Amino acid sequence: MAETITIIDDRTGKQVTVPLTDGSFPSTALRELDADLRVYDPAYLSTAACKSAITYLDGDAGILRYRGYPIEQLAEKSTFLEVAYLLLNGDLPTAAELQQWTYDVTHHTYIHENMRKRFVDGFHYDAHPMGMFVSAAAALGTFYPDAKEIFDKKNLDRQILRLVAKMPTLAAMCYRFSTGLPFVLPNNSLTYSENFLNMMFKIGDDSHVNPVLAKAMDVLFILHADHEQNCGTTAMRVVASSNADPYSATAAAASALYGPLHGGANEAVVRMLEEIKTLDNVPAFIQSVKDGNGKLMGFGHRVYKNYDPRAKIIKKTAYDVFEVTGKNPLLDVALKLEEVALQDEYFVKRKLYPNVDFYSGLIYQALGFPVDMFTVLFAIPRTAGWLAHFSELLLDKEQKISRPRQVYTGSAERDYVPMVQRA
Ligand code: SDX
């Protein structure tokens, strides 16, 4: 039997029956009942704003797939560049396609010298790297006037290639500026993740990057590459819907990611762990969260009401990194927090589990990244996902400029009050 839903307007007795597709029905059904009928849905908890073939999540089952491939398999068997190709093109590349894509990305990692020498010097010495990164993403577009030609596929593909290739260079530029270290130029003999770590940490002539650490970086990039209609991707799609260029849209998405409830959580987790400091402070901290004094950062998720599958892989990757770098002392505090929270009714009842941000910061810290670089590390790989959504939206004939309605709660009409009559 076809799945349908019937909506009755009790004011008029009018009713409409519409098909249910994947648990959703078109909002046009409401307009059949009353042209001005709207659904009040703050933060879009029950709104499907688009159709997408990029990423599939099942929050209850803890499932995450990129173009149908389970994240566990991609993390184990793929590379970030191959995953970026998959997200952007819809299928895994052939050997020749991957070779060409890798060559193209590798040969687009340089940025204009004006970015490196003039643009970045405009920031204060203690500027937050994520604030610099958001600005640099938008500024990058000004070097490519043809970036606005988004309906010329060849041109859009070239802009997407530039953004994917240059994000690590921009990120390393922000970090080296903030430390007063000289900028390290991209090294085309290195892989994507090796090159990033080299641009970040190279001192002197040694360009060697530990393969275990490069692999861990690549796995973290894979895990952060896309995540369906999250806050940052929604920002990307809203800006793309006005046909803005992909650089400006990426800056908008990165701005949304910067928030502590979203991508800024990995930075907030480590600051929280540093504040707790020792195991015996864990029970008091958990109690303070339950008393409403702040959140257990890195826990909870709008969609996952089960363990975030990425958190499981990150936790495992942490041990590989700690084999090389030595264990991050904050790991024991994190493990204790998880153990206590997962047995506590407050968190169990609210289905609060570790999310992607709970353990990732411990790895970043062990790799040598300062805490204020963590959200930048999230934005680098997520750029590939954002751009996949940018392209998908442009091709979606059912999409148009985003312009939601509202429920007005302000004043009724009133006349202007001259100054002398104002209280
Ligand atoms: C990311 O959407 C994505 O896919 C995002 C992301 C991606 O890859 O793009 O997965 C990346 O952003 C992961 C989330 C990182 N953020 C954090 O770790 C910050 C801490 N988590 C929360 O702020 C919260 O869990 C959210 C923002 C992640 C989700 O919030 P929701 O879905 O709006 O849930 P809610 O705030 O309505 O919480 C429901 C209840 C509330 O309690 P009650 O009002 O019912 O009493 O759970 C409580 C909340 O107070 N709660 C928490 C909590 N998260 C929710 N209580 C303590 N600690 C927490 N972390």
Side-chain angles (χ1 to χ4, degrees), residues 41-49 52 54-60 62-66 71 74-75 83 87 130 220-237 253-273 275-276 282 285-314 334 337-338 340-342 344-362 374-386 388-389:
D41 185 18
Y44 316 116
L45 275 92
S46 304
T47 294
S52 179
I54 300 171
T55 292
Y56 173 76
L57 299 187
D58 179 327
D60 293 326
I63 291 173
L64 168 56
R65 299 184 196 129
Y66 293 161
I71 194 68
L74 293 171
V83 165
L87 290 169
M130 193 57 190
L220 284 159
F221 279 170
I222 290 171
L223 296 174
H224 286 82
D226 193 57
H227 213 244
E228 201 219 59
Q229 304 307 320
N230 58 83
C231 182
T233 300
T234 299
M236 183 70 169
R237 281 179 166 263
S255 300
L257 188 74
Y258 194 359
L261 293 186
H262 191 14
N266 53 20
E267 177 177 346
V269 167
V270 170
R271 295 195 195 284
M272 171 187 76
L273 296 175
E275 182 200 323
I276 296 169
V282 166
F285 179 82
I286 290 283
Q287 188 54 52
S288 75
V289 169
K290 290 165 66 177
D291 295 342
N293 306 312
K295 293 183 184 290
L296 176 53
M297 299 309 275
F299 258 66
H301 199 278
R302 175 63 56 75
V303 176
Y304 290 127
K305 300 308 172 190
N306 198 320
Y307 216 103
D308 184 329
R310 300 167 296 178
K312 281 185 195 156
I313 302 167
I314 289 173
L337 271 173
E338 177 184 350
V340 172
L342 294 188
D344 187 300
E345 183 50 23
Y346 177 93
F347 298 91
V348 172
K349 188 174 76 164
R350 292 168 176 79
K351 298 187 178 180
L352 301 176
Y353 292 87
N355 60 48
V356 67
D357 293 306
F358 190 63
Y359 287 104
S360 54
L362 294 176
F374 289 4
T375 309
V376 175
L377 300 176
F378 197 142
I380 293 171
R382 185 55 62 90
T383 298
W386 288 332
H389 286 273

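Order of listing sets the numbers, starting from 1, for every ligand and every atom in it. The structure presented is a predicted model; accordingly, all values stated were derived computationally and were not measured.
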Could you walk me through whether Asp41 and Thr47 satisfy the side chain to side chain donor-acceptor pair (under 3.5 Å) test, starting with their C-alpha distance in whole Å, then the side-chain angles of each, then the deciding distance to 0.1 Å, before giving a yes or no? CA-CA 7 Å; Asp41 185 18; Thr47 294; 2.3 Å; yes
I'd like to know if atom 32 (O) of ligand 1 has any protein heavy atom within a distance of less than 4.0 Å. yes
I need the contact type for Arg302 against ligand 1. Using non-hydrogen atoms and a strict under-4.0 Å cut-off, is it side chain, backbone, both or neither? both
With heavy-atom distances below 4.0 Å as the criterion, list the atoms of ligand 1 near Val289. 57 (C)
Where Ala341 and Phe299 come nearest, the two heavy atoms and their spacing: CB-CE2, 3.7 Å
Is it possible for you to check whether Arg302 lies under 6.0 Å from the centre of the six-membered ring of Tyr304, through NZ or CZ, and within 45° of that ring's axis? no
For ligand 1 and Asp308, I'd like to know whether there is a polar contact (N/O to N/O, distance under 3.5 Å). no
Once side-chain contact (heavy atoms from CB on, under 4.5 Å) is applied, do any residues pair with Asp291, and if so which ones, sequence neighbours excluded? Gln287, Asn293
Residue-level breakdown please: for Phe378 versus ligand 1, do any non-hydrogen atoms fall below 4.0 Å on the side chain, on the backbone, on both, or on neither? side chain
Inspect the surroundings of OH in Tyr346 and state if more than 12 heavy atoms from other residues, nucleotides or ligands are less than 6.0 Å away. yes
Under-4.0 Å protein heavy-atom contact, atom 18 (O) of ligand 1: yes
Any protein heavy atom nearer than 4.0 Å to atom 26 (C) of ligand 1: no
Asp357 contact mode with ligand 1 (heavy-atom cut-off under 4.0 Å): side chain
If you scan protein heavy atoms around atom 10 (O) of ligand 1, the nearest is His301 NE2, 2.6 Å
Give the residue, atom name and distance (to 0.1 Å) of the protein heavy atom nearest atom 40 (C) of ligand 1. Arg350 CD, 3.9 Å
Using a strict cut-off of 4.0 Å, indicate which atoms of ligand 1 neighbour a heavy atom of Ala265. 15 (C), 16 (N), 17 (C), 18 (O)
Heavy-atom distances under 4.0 Å are what count here, so tell me which part of Tyr346 touches ligand 1: side chain, backbone, both or neither. side chain
Would you check, one step at a time, whether the test side chain to side chain donor-acceptor pair (under 3.5 Å) holds for Arg382 with His224? CA-CA 6 Å; Arg382 185 55 62 90; His224 286 82; over 6 Å; no
Protein heavy atom under 4.0 Å of atom 47 (O) of ligand 1: yes
Ligand 1 and His227, any nitrogen or oxygen pair closer than 3.5 angstrom? yes
Grab the two heavy atoms, one from Ala235 and one from Ala253, that are nearest each other, plus how far apart they are. CB-CA, 4.1 Å
Is atom 54 (N) of ligand 1 in close reach of the protein, with a heavy atom under 4.0 Å away? yes
Report, in ascending order of atom number, the atoms of ligand 1 lying under 4.0 Å from any heavy atom of Gly298. 17 (C), 18 (O)
Backbone, side chain, both or neither: what part of Asn230 comes under 4.0 angstrom of ligand 1, heavy atoms only? both
Compute the ring centroids of His227 and His301, then answer whether they are less than 6.0 Å apart. yes
Tell me the contacting part of Arg382 for ligand 1: side chain, backbone, both, or neither, using a 4.0 Å heavy-atom threshold, strictly below. side chain
Starting from atom 58 (N) of ligand 1, find the nearest protein heavy-atom neighbour and note its residue, name and distance. Leu296 N, 2.9 Å
When you compare ligand 1 with Phe299, is there at least one nitrogen or oxygen pair between them that comes in under 3.5 angstrom? yes
Against ligand 1, does Glu228 come closer than 4.0 Å with any heavy atom? no
Ligand 1 to Leu261 polar contact by distance, N or O atoms, under 3.5 Å: yes
Tell me which one of Val356, Asn355, Leu352 gets a heavy atom nearest to atom 51 (N) of ligand 1. Leu352
Using protein heavy atoms only, decide if any is under 4.0 Å from atom 38 (O) of ligand 1. no
Structural part of Val269 in contact with ligand 1, heavy atom criterion under 4.0 angstrom: neither
Which donor-acceptor pairs under 3.5 Å do side chains of residues 352-360 form with protein atoms, sequence neighbours excluded?
from: Asn355; atom 1: OD1; to: Asp357; atom 2: N; distance (Å): 2.8
from: Asn355; atom 1: ND2; to: Gly298; atom 2: O; distance (Å): 3.2
from: Asn355; atom 1: ND2; to: Gly300; atom 2: O; distance (Å): 2.8
from: Tyr359; atom 1: OH; to: Glu338; atom 2: OE1; distance (Å): 2.2
from: Ser360; atom 1: OG; to: Val356; atom 2: O; distance (Å): 3.3

Looking at Arg271 and Glu275, does any basic side-chain N land under 4.0 Å from a carboxylate oxygen? no
Is at least one protein non-hydrogen atom found at under 4.0 angstrom from atom 60 (N) of ligand 1? yes
